[in-house]
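Notes for the one structure printed next.
Each ligand, and each atom within it, is numbered from 1 in the order the structure gives.
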Amino acid sequence: MEIIETVSAMRDWSERERRSGRRIALVPTMGFLHEGHLSLVRDAKKRAGRVVVSIFVNPTQFGPEEDFAAYPRDFERDCRLLEQEQIDIVFHPALGAMYPDGAETYVEVEKLSLSLCGAMRPGHFRGVATAVAKLFNIVRPHVAIFGEKDYQQLQVIRRMVRDLSMEVEIVGHPIVREPDGLAMSSRNAYLTPDERRAAVCLSRSLCMAQRSVHSGETSAQSLLLLVRAELAKERLANLEYVKLCDPESLMDVETIDRSALLALAVRFGKARLIDNRILTR
Ligand code: AMP
């Protein structure tokens, strides 16, 4: 495994691999890796002969009041974990390599970025799309793997790739969960033991909603009430949003026809956690 820190060295490596006819997979991350990230890496290994994992805490996707400075980082541990997975390259660019002085160009996926998390975090998906577009230009992967935990992010990236005719296949990977159902996240490290116990209410409420749909409920209003009531039982949970929307357009739906995305964001103290589930009839 090699650690590459400069854009030119990353480009040179990709160019060589492409010339030799090898397929390159990219797994973009912000580091502080957990089993969710590693599951994406294993998926990438099945899809390409060469795997690049990028580690970059991207400042442009954090709002001014958000946790950019406090975001957990442990590059050495991340490298040890990736070494065990036998990947080829850790791409770890410096801030100035990703955003040269005077950078003023952004990628904006307009409507898809406005709902759900985008409504609470203005500019977040513009930052995500810009950083991912840059990573695609530098690493030039044939395929890139993203987690369905960040469902809206996955849809934004898919739309960007389609709209800008980027030559990369986007793969969505299912959410990896702790044994009690909590979706794995680097931000789970912020949780106190009490908050950690309470946080299982996210996945529990999503499961309850699915059971309700299987028993015949199709009204979004009733399902949202059910989820709100379940979350309200947890004193430590502060609901930011819960929405039932079309899985493609992310627009609110009033009834479930075939399937719908149930997505939520909940704060526990310092931690803002998200989770989602596609509800099917
Ligand atoms: P992050 O480091 O949080 O930016 O995540 C990097 C990638 O890992 C993104 O594509 C995430 O959606 C994905 N990811 C993070 N946590 C999980 C999880 N629990 N299950 C599946 N994918 C995940």
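The closest side-chain donor-acceptor pair between Asp194 and Thr192, if any, does not fall under 3.5 angstrom.
Formation of a donor-acceptor pair under 3.5 Å by the Asp88 side chain with backbone atoms of Val52 is not found in this model.
Between Arg158 and Asp163 there is no salt bridge, since none of the side-chain N atoms of the basic residue sits less than 4.0 Å from a carboxylate O of the acidic one. Salt bridge Glu240/Arg272: present, at least one basic N to carboxylate O contact under 4.0 Å. Glu85 and Arg80 are not joined by a salt bridge, as no carboxylate oxygen comes within less than 4.0 angstrom of a charged side-chain nitrogen.
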Problem set entry | Residue pair His92, Phe75: steps toward the ring-ring contact (aromatic ring centres under 6.0 Å, His included) verdict | CA-CA 9 Å; His92 185 233; Phe75 184 64; 3.8 Å; yes
Taking a 3.5 Å cut-off between nitrogen or oxygen atoms, can you list every pair linking ligand 1 to the protein, with distances?
unit_1: ligand 1; atom_1: 2 (O); unit_2: Met30; atom_2: N; d: 2.9
unit_1: ligand 1; atom_1: 2 (O); unit_2: His37; atom_2: NE2; d: 2.9
unit_1: ligand 1; atom_1: 5 (O); unit_2: His37; atom_2: NE2; d: 3.4
unit_1: ligand 1; atom_1: 10 (O); unit_2: Gly147; atom_2: N; d: 2.9
unit_1: ligand 1; atom_1: 12 (O); unit_2: Gly147; atom_2: N; d: 3.2
unit_1: ligand 1; atom_1: 12 (O); unit_2: Gly147; atom_2: O; d: 3.2
unit_1: ligand 1; atom_1: 12 (O); unit_2: Asp150; atom_2: OD2; d: 2.6
unit_1: ligand 1; atom_1: 16 (N); unit_2: Met184; atom_2: O; d: 3.4
unit_1: ligand 1; atom_1: 19 (N); unit_2: Val176; atom_2: O; d: 2.9
unit_1: ligand 1; atom_1: 19 (N); unit_2: Met184; atom_2: N; d: 3.4
unit_1: ligand 1; atom_1: 19 (N); unit_2: Met184; atom_2: O; d: 2.8
unit_1: ligand 1; atom_1: 20 (N); unit_2: Val176; atom_2: N; d: 2.8

